[in-house]
Amino acid sequence: MTGEKAASIFNDKLTAETIITNLTAYLQTPLEPETVQLYIDTHDIAKVVQNQRSILELYRLDIAKYAEKSDKLKIKAIFDSIPAQLNEKNRRFKLNSINASARHIRYEDSFNWLADAGVALPCYNVTEPQASLQLSS
């Protein structure tokens with residue numbers, strides 16, 4: 001949305017500029033409460049990015065501490081490749097980008113570990129969009 005279009009909607013250029021500025025900041029700020037508060041307090045995107053990186057490092061340390069020894073490397077590989085893969089045009093995770101010979105059966109527990117830990121949220125493809133059975137009862 002351009003500044004002129006927003007100004008015509010809100011009939012006030014200052015209000016429109018404020019909304020666009022705040023929306024841009026919101027979209028650039030990850031939704032961790034600590035990171036949002038840091039941005040509110042400082043309005044410094046560099047500090048926000050540094051804080052986000054430290055949170056990601058804490059996730060990596062948790063993987064090293066809590067994951068089974070046999071799965072640690074696979075979990076870290078998946079975790080580290082998620083942002084780059086979802087940034088691609090297809091927005092899907094391709095297992096063979098981690099390892100050309102990778103098969104889902106060998107990585108299934110690693111994906112489940114990330115999902116169970118709340119670090120990654122799975123999104124499943126469906127062939128037909130329909131309400132779940134629970135909604136129809």
Just verifying a value: how many Å separate [X] [atom1] and [Y] [atom2], rounded to the nearest 0.5 Å?
| X | Y | atom1 | atom2 | answer |
| --- | --- | --- | --- | --- |
| I63 | I78 | CD1 | CD1 | 9.0 Å |
| K74 | E68 | NZ | CD | 11.0 Å |
| S81 | N99 | OG | CG | 11.5 Å |

Suppose we screen for side chain to side chain donor-acceptor pair (under 3.5 Å). Which residues come up paired with [X], at least two apart in sequence or across chains?
| X | answer |
| --- | --- |
| E88 | none |
| D41 | Q37 |
| D62 | none |

For [X], side-chain contact (heavy atoms from CB on, under 4.5 Å) partners two or more places apart:
| X | answer |
| --- | --- |
| K47 | L38, T42, D44 |
| L58 | L61 |
| I55 | E32, T35, N51, Y59 |
| S97 | Q85 |

The criterion is salt bridge (charged side-chain N to carboxylate O under 4.0 Å, His left out); which residues satisfy it with D80, sequence neighbours excluded?
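Salt bridge (charged side-chain N to carboxylate O under 4.0 Å, His left out) check on D80 returns R60.
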
Which pairs would a plain distance check flag for residues 104-121, meaning a side-chain donor or acceptor within less than 3.5 Å of a matching protein atom at least two apart in sequence or in another chain?
| residue | atom | partner | partner atom | Å |
| --- | --- | --- | --- | --- |
| R106 | NH2 | S101 | O | 3.1 |
| N112 | ND2 | E108 | O | 3.3 |

Of the non-hydrogen atoms in K76 and A64, which two are nearest, and what is the gap between them?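 Answer, listing the atom of K76 first, then A64: NZ-CB, 4.0 Å.
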
A quick test of your reading: do over 12 heavy atoms of other residues, nucleotides or ligands sit less than 6.0 Å from CG of L86?
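Check passes, neighbour count above 12.
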
Identify whether L73 and F93 are in the same connected component of the hydrophobic contact network (ILVMFWY, side-chain heavy atoms under 4.5 Å).
->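 L73 does not cluster with F93.
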
